[in-house]
Amino acid sequence: MTAPEWSLMTLGMAVEIGGMCLSGFIFFRTRRYTFAEAAAYGIITGLMLISLLLHILDLLGIPEWMVLGEGILVCAAVSVLTVQRSRWRESLKILKFFVSTYPSGSFLLVLGWLLLFMGLLLVPAGENPAGSSLSFFYQRWHPNTVSRIFSLLMYLSIAFSTYSLSRRYSWPSTAFTVTLVVIGMPQLVYQSFSPAETLVPAAAGLFGLLAVHRLIELPNRRDIALLLPGIAFGVTDDPAGWVFPVILLFLAIVLLIRRHGARFWRGFILARPLGLGLAIVSALIFSGGLRYGRPDFPEPGARPVFQENQDGLVGAAGNLIRYFFESADPIPPLDYLWKWTMGVRLSEQFQGGYDRFLKPLVGTRGAAEPFVLTRYQNRDVAWFGPFAFLLILPAVGYALFRGHRRIKAVAVALTGYLYVITLMLAWKAGNGKFLTPFFTCGGFLVASLLPPWRVSSSTKRLLRVGGLLLFFYSISNHPNLEALISNL
């Protein structure tokens with residue numbers, strides 16, 4: 001029986017999930033993970049533990065034991081939070097120092113997250129989620145409620161993972177700038193509390209990239225045990241749900257062998273056969289290899305149907321061009337400002353350039369519908385804002401041709417994912433959600449474009465202001481949040 005959308009039971013479930021993630025944060029802090037790394041790991045591993053428990057109980061045919069299993073996890077979380085009380089004081093000192101360094105940015109960031117959380121609590125949802133590794137948890141609680149809680153947590157994990165990865169290639173001020181640029185992308189903000197699963201591959205992908213970086217720096221059993229299930233956690237039911245996890249798996253293998261050699265990893269893994277076995281079984285469960293079937297939802301017809309690209313490489317080339325034009329994404333304020341200064345909307349100029357020069361070449365090949373630059377700001381057709389076009393795309397291109405071997409490999413993997421999406425799926429408005437892993441996992445590469453000898457402190461402050469403005473614009477323009485903000 002499904003619980004109501006919001007009730008004491010579901011509120012208790014929200015506290016349970018939050019406590020699990022907090023205990024994960026403290027656990028990793030005790031293992032010398034940085035604050036941001038521990039936060040990212042705590043969220044994703046907490047969600048993976050919950051999902052894995054429910055999958056195992058379902059496979060064993062004893063779903064009635066779910067309450068007992070959750071009780072054990074909650075007791076373990078409370079024990080960690082209680083025993084490691086000193087870690088709270090240490091973490092609060094780190095947080096206080098960060099806030100004192102960036103007071104305005106930190107305040108506005110927390111305010112935005114608070115608005116998203118209020119929206120999660122107060123705004124009713126309108127549809128049921130697609131299937132993923134978290135699906136069995138939806139059957140126990142209200143699907144919309146659980147999906148939105150998970151989406152918001154994954155959005156937070158994206159922020160912490162982006163900062164952790166950016167910090168490896170830049171100073172703290174640059175890493176914070178890159179993080180604000182990434183989390184301000186409209187598509188991410190709109191998905192942060194909506195009942196959908198598009199953030200799962202992106203959050204799991206960043207988690208996998210972070211684990212790979214840690215293993216490159218220092219091989220350890222925790223990260224190697226979490227890497228495989230973490231990547232598989234990103235598998236979803238949508239038409240391309242397996243693509244990014246598979247590409248990320250090959251990327252991890254290449255980077256780790258290139259850094260330490262195949263012989264080292266063979267010995268390292270074989271020395272811990274139990275951990276390897278558990279990791280493989282967990283990955284198979286998350287990816288669907290050990291499931292009896294996906295759960296049915298109350299409204300299976302709500303799942304969107306996507307059309308395959310029937311025009312091969314020519315259609316893929318056409319789709320790539322269409323996605324490039326869409327990625328420019330002149331959001332309405334910029335669109336109207338351009339019209340006020342130039343007499344014509346920026347989106348109209350992009351559309352005119354496509355119709356005049358490119359449409360005669362590609363026509364409708366690769367497209368499921370006529371190509372029109374859509375400017376509706378909602379989570380179904382929204383894109384990633386101007387910074388994705390101005391910073392993330394150039395950063396991926398720079399890493400592809402000028403970056404050192406590690407980030408070049410990441411750029412190659414992202415480019416491969418983009419190619420597969422353009423080849424598999426026919427273009428239609430709303431396909432931008434399939435590029436969420438591309439822009440999200442490519443976000444930290446922007447750090448390589450912003451070294452202190454190339455970009456001044458004032459320029460980075462300007463980028464932070466721009467990222468926050470886009471962040472709050474996306475919050476205020478979310479169709480489900482407009483009513484909430486108007487009543488504040």
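- Judged purely by atom type and a 3.5 angstrom limit, Thr174 has no side-chain atom pairing as donor or acceptor with the backbone of Ser170.
- Counting only heavy atoms from C-beta outward, the side chains of Val446 and Val182 never approach each other to under 4.5 Å.
- When atom types are taken as modelled, the side chain of Asn431 and the backbone of Phe434 share no donor-acceptor pair closer than 3.5 angstrom.
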Q: Using the side chain to side chain contact (heavy atoms under 4.5 Å, CB included) rule, take Gln349 and Trp338 through it: C-alpha gap first, then chi angles, then the decisive distance, then the call.
A: CA-CA 10 Å; Gln349 289 190 317; Trp338 193 270; 2.9 Å; yes

Q: Determine, step by step, whether Gln191 and Tyr155 satisfy the side chain to side chain contact (heavy atoms under 4.5 Å, CB included) criterion, reporting the C-alpha distance in whole Å, the side-chain angles of both residues, the deciding distance to 0.1 Å, and the verdict.
A: CA-CA 8 Å; Gln191 299 296 343; Tyr155 178 69; over 6 Å; no

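- Residues Phe207 and Ser157 have side chains not in contact (no heavy-atom distance under 4.5 Å, counting atoms from C-beta outward).
- In this structure, a donor-acceptor pair under 3.5 Å is present between the side chains of His213 and Tyr169.
- Using modelled atom types, one side-chain atom of Ser100 and one backbone atom of Phe97 make a donor-acceptor pair closer than 3.5 Å.
- Comment: Glu348 does not engage Lys339 in a salt bridge, judged by the lack of any side-chain N to carboxylate O separation of less than 4.0 angstrom.
- Looking at Leu313 and Leu423, their side chains come closer than 4.5 Å, going by heavy atoms from C-beta outward.
- Residues Phe371 and Arg322 come closest through the heavy atom pair CE1-CB, 3.6 Å.
- Residue Arg454 qualifies as enclosed at atom CZ: its count of foreign heavy atoms under 6.0 Å is above 12.
- The aromatic rings of Phe325 and Tyr354 lie perpendicular to each other, with more than 60° between the two planes, well past the 30° mark.
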Show the atom names and distances, to 0.1 Å, of all donor-acceptor pairs under 3.5 Å that link a side chain in residues 104-113 to residues at least two apart or in another chain.
{"unit_1": "Ser106", "atom_1": "OG", "unit_2": "Tyr102", "atom_2": "O", "d": "2.7"}

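- Of all the heavy atoms in Phe439 and Ile392, the pair that sits closest is O-CD1, 3.6 Å.
- The shortest distance between side-chain heavy atoms of Arg461 and Ser458 falls below 4.5 Å.
- Between the side chains of Trp427 and Glu369, no donor-acceptor pair of N or O atoms lies under 3.5 Å.
- Within the 4.5 Å cutoff, the side chain of Ile43 has no heavy atoms near those of the Met154 side chain.
- Looking at Ser456 and Thr459, their side chains do bring a donor and an acceptor atom within 3.5 Å of each other.
- The environment of Arg405 atom CZ is sparse: at most 12 non-hydrogen atoms of other residues, nucleotides or ligands sit within 6.0 angstrom.
- A pairwise comparison of heavy atoms in Gly385 and Asp329 identifies N-OD2, 2.7 Å as the closest pair.
- At a threshold of 4.5 Å between non-hydrogen side-chain atoms, the residues Ile407 and Leu400 do not count as touching.
- Looking at every heavy atom in both residues, Ala240 comes nearest to Ile421 through CB-CD1, 3.6 Å.
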Q.
Go through it in stages, so that I can follow the logic: the residues are Phe389 and Phe324, the test is ring-ring contact (aromatic ring centres under 6.0 Å, His included), and I'd like the CA-CA distance, side-chain angles, deciding distance and then a yes or no.
A. CA-CA 8 Å; Phe389 181 78; Phe324 178 80; 5.4 Å; yes

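- One side chain, Ser173 or Lys460, offers a donor N or O that lies under 3.5 Å from an acceptor on the other.
- Asp311 places no side-chain N or O within 3.5 Å of a backbone atom of Arg365 that could act as its donor or acceptor partner.
- Ion pair Arg168/Glu37 flagged as a salt bridge, since at least one NZ, NE, NH1 or NH2 atom sits closer than 4.0 Å to an Asp/Glu carboxylate oxygen.
- Under a 3.5 Å cut-off, the side chain of Asn309 and the backbone N or O of Ala426 do not form any donor-acceptor pair.
- Across all non-hydrogen atoms, the minimal contact from Ala36 to Phe160 is O-CB, 3.5 Å.
- Side chain of Asp335 to backbone of Leu346: a donor-acceptor contact under 3.5 angstrom is found.
- Using a 4.5 Å heavy-atom cutoff, the side chains of Met48 and Phe286 are in contact.
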(Q) Pair Phe35, Phe25 - check ring-ring contact (aromatic ring centres under 6.0 Å, His included), show working. (A) CA-CA 8 Å; Phe35 186 100; Phe25 165 77; 5.1 Å; yes

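- Atom CD1 of Ile183 and atom CG of Leu156 lie 9.0 Å apart (nearest 0.5 Å).
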Q.
Using ring-ring contact (aromatic ring centres under 6.0 Å, His included), reason through Tyr417 and Phe438 one step at a time and then give a plain yes or no.
A. CA-CA 7 Å; Tyr417 174 72; Phe438 175 86; 7.5 Å; no

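- Within 6.0 Å of CD in Glu217 there are more than 12 heavy atoms belonging to other residues, nucleotides or ligands.
- Shortest non-hydrogen contact noted between Leu210 and Ala40 is CD2-CB, 4.2 Å.
- For Tyr33, the ring-ring contact (aromatic ring centres under 6.0 Å, His included) test picks out Phe28, Tyr41, with sequence neighbours left out.
- Separation of atoms CG (Leu256) and CD1 (Ile253) is listed at 8.5 Å; rounding is to 0.5 Å.
- Under the 4.5 Å side-chain criterion, counting only non-hydrogen atoms from C-beta, Asn477 is not in contact with Val189.
- The backbone N or O of Ala382 sits less than 3.5 Å from a side-chain atom of Gln187, completing a donor-acceptor pair.
- Judged by distance alone, the side chain of Ser161 and the main-chain N or O of Ile158 form no donor-acceptor pair under 3.5 Å.
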